[in-house]
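Numbering of ligands and ligand atoms starts at 1, following listing order.
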Amino acid sequence: MSGRGPIMIVAGTRPEAIKLAPVFWSLDKLGIDYVFVWSGQHYDYEMSRIFFDQLGLPEPVIDLDVRSGSHVEQTARIMMGLEKAVEKYKPSIVVAQGDTNTVVATALTSTKMLVPFAHVEAGLRSWDRTMPEEINRIIADAIAEIHFAPTELSAINLMHEGIPLRKIHITGNTVVDVVYKYRDYVAKEGEKLLSELSLKPLSYVLVTVHRQENTDNPNRLENIVKALIEISKHYTIVFPAHPRTVNRLQSCGLWSSLASRKNIRILKPLGYFQFLGLLMKCLIVLTDSGGVQEEACTLKIPTLTLRYNTERPETVLVGINKVVGVEAQKIVDEALKTIDMKDTIVANTKSVQNPLGDGRAGERIGKILKEAVEQGIQVETIDSQEDPYITYAILENVFRSSNNSKELLRIGDIVAMYDNNGVAVADPSKARRIVIRLPRTETYKIEGTDQGSSHT
Ligand code: UD1
Ligand code: UDP
């Protein structure tokens with residue numbers, strides 16, 4: 001099925017529209033032929049088209065208009081629609097970003113139709129398999145032919161799930177490109193919105209909540225509401241609410257207790273420039289969003305993550321994000337403490353490099369996609385008539401010279417690398433010991449290594 005047709009980019013939710021924008025910009029710059037398919041998982045103007053308009057996305061060739069439904073319905077409808085689109089456009093590669101139902105449906109459809117799938121933001125893991133997003137990410141990564149890992153940690157996660165190094169590209173996160181491109185402009189947008197709301201910069205706490213494990217669990221949702229009410233006795237809360245959250249607050253009878261508070265400003269979902277503008281000017285942000293954790297880290301805004309885990313550990317390691325769970329009192333205590341310590345937290349991270357990227361992720365992704373198309377990438381297959389099965393071997397001190405690394409890459413696929421301390425790395429220059437996957441009958445001896453191995 002894989003042809004030499006255009007690259008097909010598939011998206012369907014707010015964060016995908018935002019985070020794929022730099023890939024579109026890059027493909028445009030490189031003059032590469034592509035088509036854009038929108039699944040329609042998000043469909044309200046302020047959850048979808050507003051981002052096309054603000055970030056300069058092209059008009060989709062198809063809007064599958066799948067809308068809401070159970071996970072199974074939504075995923076299945078996307079797959080059925082996408083199958084027709086792939087038949088029609090015969091893409092050379094299909095690209096999707098992130099961990100939504102749109103992404104898992106895209107990965108499955110494209111790979112089953114033998115079109116290579118490329119995953120932007122590959123390798124993130126929360127290690128929580130009750131999260132729909134974790135399942136979506138694991139499946140998409142397991143079958144992707146190209147993995148655009150935003151960080152070294154995400155690349156290491158992929159290798160430990162058996163993805164060979166040659167399929168992984170550490171690019172940085174595309175959201176950093178978007179933030180860097182617009183941060184000066186959105187600062188003005190933020191000020192405009194604040195004056196409309198009669199609020200001063202650095203006088204409010206910004207909140208976003210939409211994740212299934214928080215909104216669909218009435219106890220958790222009530223805890224969050226209690227915490228917000230308590231914090232609002234000290235600081236104004238600005239809460240642009242996801243439609244899912246509004247629905248659940250209403251059906252759980254929690255809406256009026258929140259909406260009636262003078263110091264809690266519930267807003268409709270905001271456009272990107274407005275939201276980022278508010279993020280830049282807030283005291284701290286309370287969120288369960290993935291993208292907001294990343295943007296806050298990039299802008300050095302102290303963040304409390306209202307979850308028990310995060311697939312963005314880099315933001316925690318850098319000291320700007322804290323995973324605080326969803327117990328009401330804990331949220332309140334942490335929020336008040338973090339506001340008090342804000343200057344110190346920000347000062348401590350001032351000189352630290354953004355762990356999520358340098359603003360050039362889209363550029364790198366565009367170039368790699370171009371090369372893959374030129375080289376005629378296919379879904380991987382193997383002819384094992386000569387070498388009937390595959391095994392794994394450990395080699396030590398392998399990258400002492402560049403010749404060694406070339407030789408190794410010829411022999412087998414690197415699926416793990418460890419440094420002098422035995423800690424996993426994704427950078428060959430730091431590797432002392434590697435695990436390779438190779439045909440069982442291959443005989444090899446690497447010159448200049450401590451250890452040659454031989455299998456017959
Ligand atoms: C989805 C993703 C989540 C991502 C989020 C980004 C999955 C499993 N979840 O969650 O990973 O973080 O998008 O925002 O793919 N709704 C509207 N209008 C819209 C869209 C949604 O009213 O335009 C309401 C509907 O009531 C719908 C609910 O929001 O049932 C949930 O929408 P859905 O796309 O299923 O999941 P999200 O919670 O948005
Ligand atoms: N965002 C926005 N308007 C809002 C809230 C969020 O534009 O009112 C942006 C935010 O800047 C981030 C993205 O939406 O880039 C995050 O989307 P969301 O939290 O819905 O999804 P997640 O990132 O958790 O998948």
Judged by modelled atom types alone, do [X] and [Y] share a side-chain donor-acceptor pair under 3.5 Å?
X: Thr215; Y: Thr245; value: no
X: Thr310; Y: Gln293; value: yes
X: Gln329; Y: Asp333; value: yes

Below 3.5 angstrom, do we get any N/O pair linking [X] and ligand 2?
X: Val175; answer: no
X: Ser289; answer: yes
X: Gly290; answer: yes

Protein residue, atom and distance nearest to [atom], heavy-atom basis:
atom: atom 17 (O) of ligand 2; result: Arg14 NE, 3.5 Å
atom: atom 3 (N) of ligand 2; result: Leu270 O, 2.7 Å
atom: atom 7 (O) of ligand 2; result: Phe51 CE2, 3.2 Å
atom: atom 23 (O) of ligand 2; result: Gly291 N, 2.7 Å
atom: atom 9 (C) of ligand 2; result: Ile18 CD1, 3.7 Å
atom: atom 21 (O) of ligand 2; result: Pro15 CG, 3.5 Å

Are the side chain of [X] and the backbone N or O of [Y] linked by a donor-acceptor pair below 3.5 Å?
X: His147; Y: Asp141; result: yes
X: Arg77; Y: Ser68; result: yes
X: Ser289; Y: Gly291; result: yes
X: Lys342; Y: Pro302; result: no

> Can you name the closest pair of heavy atoms from Tyr235 and Val205 and give their distance?
Replying inline: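 So the two residues come closest at CB-CG2, 4.1 Å.
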> Which residues pass the ring pair (Phe, Tyr, Trp, His ring centres under 6.0 Å) test with Tyr45, sequence neighbours left out?
Replying inline: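 If we apply the ring pair (Phe, Tyr, Trp, His ring centres under 6.0 Å) test to Tyr45, skipping adjacent residues, there are no hits.
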> Considering residues at least two apart in sequence or located in another chain, which fulfil the ring pair (Phe, Tyr, Trp, His ring centres under 6.0 Å) criterion with Phe117?
Replying inline: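 Residues passing ring pair (Phe, Tyr, Trp, His ring centres under 6.0 Å) with Phe117: His119.
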>> Show me the pairs that pass salt bridge (charged side-chain N to carboxylate O under 4.0 Å, His left out) and involve residues 270-299, at least two apart or across chains.
In response: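 Every pair satisfying salt bridge (charged side-chain N to carboxylate O under 4.0 Å, His left out) with a residue in residues 270-299: Lys19-Glu294, Glu191-Lys281, Glu294-Arg312.
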Using a 4.0 Å heavy-atom threshold (strictly under), name the region of [X] that reaches ligand 2: side chain, backbone, both or neither.
X: Pro240; result: side chain
X: Glu295; result: side chain
X: Phe275; result: side chain
X: His210; result: side chain

Show me the short polar-atom pairs for ligand 1: any N or O of it lying under 3.5 Å from a protein N or O, with distances only.
{"from": "ligand 1", "atom 1": "11 (O)", "to": "Glu133", "atom 2": "OE2", "distance (Å)": "2.7"}
{"from": "ligand 1", "atom 1": "12 (O)", "to": "His210", "atom 2": "NE2", "distance (Å)": "2.8"}
{"from": "ligand 1", "atom 1": "13 (O)", "to": "His42", "atom 2": "NE2", "distance (Å)": "3.3"}
{"from": "ligand 1", "atom 1": "14 (O)", "to": "His242", "atom 2": "NE2", "distance (Å)": "3.2"}
{"from": "ligand 1", "atom 1": "15 (O)", "to": "Gln41", "atom 2": "NE2", "distance (Å)": "2.9"}
{"from": "ligand 1", "atom 1": "15 (O)", "to": "Asn101", "atom 2": "N", "distance (Å)": "2.8"}
{"from": "ligand 1", "atom 1": "18 (N)", "to": "Asp44", "atom 2": "OD2", "distance (Å)": "2.9"}
{"from": "ligand 1", "atom 1": "23 (O)", "to": "Tyr43", "atom 2": "N", "distance (Å)": "2.9"}
{"from": "ligand 1", "atom 1": "23 (O)", "to": "Asp44", "atom 2": "N", "distance (Å)": "2.9"}
{"from": "ligand 1", "atom 1": "26 (O)", "to": "Asn247", "atom 2": "ND2", "distance (Å)": "2.9"}
{"from": "ligand 1", "atom 1": "34 (O)", "to": "Gln41", "atom 2": "NE2", "distance (Å)": "3.1"}
{"from": "ligand 1", "atom 1": "34 (O)", "to": "His42", "atom 2": "NE2", "distance (Å)": "3.4"}
{"from": "ligand 1", "atom 1": "35 (O)", "to": "Gln74", "atom 2": "NE2", "distance (Å)": "3.4"}
{"from": "ligand 1", "atom 1": "36 (O)", "to": "Arg244", "atom 2": "NH1", "distance (Å)": "3.4"}
{"from": "ligand 1", "atom 1": "38 (O)", "to": "Arg244", "atom 2": "NH1", "distance (Å)": "2.7"}
{"from": "ligand 1", "atom 1": "39 (O)", "to": "His42", "atom 2": "NE2", "distance (Å)": "2.7"}
{"from": "ligand 1", "atom 1": "39 (O)", "to": "His242", "atom 2": "NE2", "distance (Å)": "3.0"}

> Does Arg211 have a non-hydrogen atom less than 4.0 Å from ligand 2?
Replying inline: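 Right, Arg211 reaches ligand 2.
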>> So for Leu276, does at least one of its heavy atoms come nearer than 4.0 angstrom to any atom of ligand 2?
In response: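 The answer is no, since Leu276 has no heavy atom less than 4.0 Å from ligand 2.
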